[in-house]
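Owing to the predicted nature of the structure, the values given are computational and were not obtained by experimental measurement. Whatever order the structure lists ligands and atoms in, that order sets their numbers, starting from 1. If you read the sequence from its start, that first residue is 1, and numbering goes on from there.
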Amino acid sequence: MTSPVDYRLEGEIGVISVDHPPVNALSQAVRQGLLDAITAAQTDASKALVILCEGRTFIAGADITEFGKGPMTPYLPDVLDTIEASVKPVIAALHGTALGGGFETALAAHYRCAVESAKVGLPEVKLGLIPGAGGTQRVPRLAGAAAALDLITSGAPIDAAKALQLGLIDKIVDGDLHDAAIAWAEELVADGAPVRRSSELTVPDVEPDLFDQYRAQLSKRARGQIAPQHIVTCIEAAVNSPFAEGRAIERELFIECMQSPQSIAMRHLFFAEREAAKVAGLPKDTPLRAIDSIGIIGGGTMGGGIAMSFANAGIPVTMIEISDAALDRGLSIIDKNYAGSVKRGKLTEDAAANCRALIKGATDYAALADVDLVIEAVFEDPDLKKTVFGQLDEVCKPGAILATNTSYQDVDQIALATRRPEDVIGMHFFSPAHIMKLLEIVRGEKTADDVLATVLRLAKKIRKVPVVSGVCYGFIGNRMLRPYGKQSQLLLLEGATPEQIDNAMQDWGMAMGPLRVFDLAGLDVGYKARQALSDAMKGDPQTYRVPDLLVEMGRLGQKSGAGFYTYDDKRQPIPDPAVAEIIERAAGEFGIERRELSDEEIVDRLISALVDEGRKILDEGIAQRSGDIDVVYVYGYGFPVSRGGPMHYADSSG
Ligand code: T1G
């Protein structure tokens with residue numbers, strides 16, 4: 001089998017070229033090829049060496065598919081030591097995303113150049129890992145400890161300009177990277193440029209309490225995660241110890257992380273997210289419909305957030321409301337959101353203005369005659385939705401995709417309100433829609449393959465994480481939320497308090513406990529939905545007695561300043577004795593003997609409720625695979641990434 005690494009002389013420059021699609025990951029063959037090339041180059045006629053990659057990107061990291069398959073030599077740190085020990089100058093030429101072991105390869109070179117669009121980063125922490133090939137030792141030596149802490153504990157990539165400013169790369173080149181890198185290498189040779197080994201540098205002095213401050217920050221920002229804390233330890237070692245010692249500490253902690261349940265869970269999610277975008281039986285080359293403009297029906301919180309998601313991806317939006325006043329309200333929500341993004345530094349003024357300019361308003365459906373896709377985001381009233389779809393069927397051009405943002409309703413029934421059910425699909429966004437990454441794509445019985453394929457591709461374009469669901473009440477996430485919510489109500493009646501339940505789940509890793517979630521969403525939402533259900537559909541009255549009493553008292557949750565908790569002006573939840581009394585009274589109505597409950601029982605019963613429903617969803621074929629359910633719950637419902645999702649957690653903890 002030919003090596004994915006080619007080595008040849010171009011004049012007096014040895015060119016090492018990696019060609020290992022899709023992202024030039026450092027598989028065993030790539031590592032062996034790099035080692036063989038750099039070894040051969042030490043004794044040939046080359047005066048300097050260039051390492052570059054074919055395809056879309058410089059090496060994007062270690063080959064994650066090899067993880068867990070046991071050690072395979074040559075080990076990356078040894079390959080990188082050989083590169084750095086080269087007696088001839090080695091130049092790394094970067095494009096695309098030089099990440100993880102890829103960037104560590106570049107750091108082991110003596111010089112680094114990049115095209116302006118290149119990004120570099122060490123995202124290992126997002127996989128529950130730490131850089132394992134010298135990254136925690138070389139970055140502080142080149143850019144200082146503080147920059148190293150930010151770069152490596154965030155895992156976020158930085159652009160070439162920032163990397164240049166930090167001293168992580170030496171030059172931004174124009175034009176063809178291959179030619180520019182060779183030309184620069186020839187210049188370096190002509191100037192007699194020496195080999196420059198970052199491992200021989202020392203880290204500039206740091207503030208004495210820098211590391212302890214950082215550890216304190218991380219214990220909040222990355223609650224319960226071990227990799228971020230280990231990164232701090234490694235960078236501290238880079239400051240206080242010689243390279244070899246620091247590297248040994250890095251290696252030891254890397255192996256610990258690699259074997260940790262947290263990293264196994266986060267690597268599971270990395271692949272689960274990518275698998276979720278693949279649909280069994282849907283050919284990869286399914287033709288896609290062009291989506292150059294969209295319409296949105298409804299300018300409420302959801303409609304506005306959805307409009308921003310598309311405008312932020314450069315797609316023009318026409319938002320329809322029923323009156324000028326409603327439209328102005330909707331557009332002002334969008335203006336406020338953009339102003340907030342600018343204030344938080346997420347967007348520059350210009351970028352926000354350009355996105356905002358792509359959103360137009362109208363009160364007449366005729367404005368949607370030429371759009372390629374319409375997303376309905378009106379109230380959760382099935383009849384209203386059917387009326388809207390009947391109108392869209394009349395107005396929209398043939399081939400336009402008609403999507404509903406419904407959280408629960410039957411997409412097949414909505415599709416029957418049109419003469420084009422094959423063009424109808426569900427696109428369930430999560431509030432706030434311009435921030436939450438999850439997009440549940442609901443495939444109706446008659447949804448055409450090209451409609452599904454088009455929306456899947458569109459999800460990636462608007463930077464959402466898509467998961468395909470079949471049609472059922474609540475699809476995947478909201479369907480699982482129901483037994484979870486019911487169980488929380490039973491726990492309350494049996495003796496737990498709202499704060500005990502929420503604190504137990506938050507300590508376990510959930511972003512927010514169930515009762516706070518229901519207060520945030522609004523207790524009236526569930527109350528209204530229940531009014532449309534038969535007693536049989538409502539289920540055990542014990543599971544909704546307390547929220548019904550709260551709503552009937554006007555305690556709708558955060559929106560009314562009180563629900564399961566009362567809320568101060570900063571929307572902080574405050575336990576309310578009046579609620580405890582309501583719970584005790586309700587328990588008495590059902591003759592329930594209240595008792596002490598442990599946090600373990602609370603967590604076990606709530607997580608089991610999620611997992612049991614997830615298993616039914618799988619058995620019914622509503623979700624394609626258990627990883628899809630994990631992606632839904634991590635990206636849409638605040639399930640801790642370090643536990644891999646409810647189904648992975650259940651499987652891995654037996
Ligand atoms: N290993 C193996 N396969 C990978 C891969 C990797 N590192 N990265 C991506 N792929 C596959 C992916 O599964 C998909 O496959 C295809 O490439 C396109 O990916 C020693 C130990 C590079 C920014 O964490 O962030 O180095 O589904 O759909 O949206 O210290 O992939 O097509 O069959 O994501 O354009 C560190 C992970 C590893 C980078 C491209 N590196 N990758 O995004 O495409 S640990 C990472 C990404 C490490 C060292 C440590 C992204 C991307 P398929 P994609 P994309």
Side-chain angles (χ1 to χ4, degrees), residues 4 18 20-31 34 53 55-69 71-72 74-81 83 94-108 117-139 148 151-159 227 230-231 234 247 250-260 263-264 266-279 282 284-285 437 456-457 459-466 625 627 631 641:
V18 181
H20 182 53
V23 297
N24 290 312
L26 284 157
S27 65
Q28 190 281 337
V30 170
R31 299 195 301 274
L34 284 171
C53 292
R56 62 201 280 198
T57 177
F58 191 79
I59 301 165
D63 188 335
I64 312 175
T65 61
E66 285 183 359
F67 289 173
K69 290 181 182 164
M72 282 187 257
Y75 301 130
L76 186 58
D78 301 335
V79 175
L80 303 196
D81 283 352
I83 290 172
L94 312 181
H95 73 292
T97 49
L99 300 174
F103 188 43
E104 289 176 300
T105 301
L107 291 168
S117 59
K119 291 185 186 295
V120 302
L122 293 170
E124 287 85 343
V125 72
K126 293 180 181 173
L127 297 171
L129 296 171
I130 70 172
T136 65
Q137 305 302 303
R138 290 194 169 95
V139 170
L151 181 76
I152 307 175
T153 59
S154 69
I158 56 174
D159 62 23
H230 283 353
I231 289 167
C234 289
R247 240 276 293 281
E250 177 193 78
R251 195 77 195 144
E252 182 196 334
L253 295 178
F254 170 76
I255 290 166
E256 181 192 319
C257 287
M258 175 68 85
Q259 292 161 352
S260 70
S263 182
I264 293 166
M266 293 164 88
R267 295 183 332 241
H268 155 72
L269 281 172
F270 174 85
F271 288 113
E273 177 188 332
R274 285 153 182 82
E275 273 306 293
K278 296 170 188 168
V279 178
L282 186 66
K284 259 198 165 183
D285 57 356
K437 289 181 74 73
L456 273 165
R457 176 63 64 82
K460 190 154 183 166
K461 180 165 186 181
I462 62 172
R463 303 175 66 76
K464 296 298 180 188
V465 175
R625 49 185 88 81
V631 171
V641 286

What is the closest protein heavy atom to [atom], and at what distance does it sit?
atom: atom 25 (O) of ligand 1; answer: Leu99 CD1, 4.1 Å
atom: atom 27 (O) of ligand 1; answer: Lys278 NZ, 2.8 Å
atom: atom 22 (C) of ligand 1; answer: Ala60 CB, 3.7 Å
atom: atom 9 (C) of ligand 1; answer: Val23 CG2, 3.8 Å
atom: atom 21 (C) of ligand 1; answer: Phe254 CE1, 3.6 Å
atom: atom 52 (C) of ligand 1; answer: Thr97 OG1, 4.5 Å

Strictly under 4.0 Å, does any heavy atom of [X] approach an atom of ligand 1?
X: Met258; value: no
X: Glu66; value: no
X: Gly135; value: no
X: Lys460; value: yes

I'd like to know if the side chain of [X] and the backbone of [Y] have a donor-acceptor N/O pair within less than 3.5 Å.
X: Arg31; Y: Met72; value: yes
X: Arg267; Y: Met258; value: yes
X: Glu250; Y: Gly134; value: yes

query: Applying a 4.0 Å heavy-atom criterion (strictly less than), which segment of Leu26 is in contact with ligand 1: side chain, backbone, both, or neither?
result: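 For Leu26, no heavy atom sits under 4.0 Å from ligand 1.
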- request: Classify the contact between Arg56 and ligand 1 as side chain, backbone, both or neither, using a heavy-atom distance cut-off of under 4.0 Å.
  value: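 Side chain only.
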Of the listed options Gly61, Ala25, Ala62, Pro22, closest to atom 7 (N) of ligand 1 (non-hydrogen atoms):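 Residue with the shortest heavy-atom distance to the ligand atom: Ala62.
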task: With atom 51 (C) of ligand 1 as the reference point, say which of Glu104, Arg274, Lys119 has the nearest heavy atom.
output: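 Comparing heavy atoms across Glu104, Arg274, Lys119, the nearest one to atom 51 (C) of ligand 1 lies in Arg274.
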query: Protein heavy atoms: any of them under 4.0 Å from atom 15 (O) of ligand 1?
result: no
field: atom 32 (O) of ligand 1: any protein heavy atom closer than 4.0 Å
entry: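 When distances to the protein are checked, atom 32 (O) of ligand 1 has no heavy atom within 4.0 Å.
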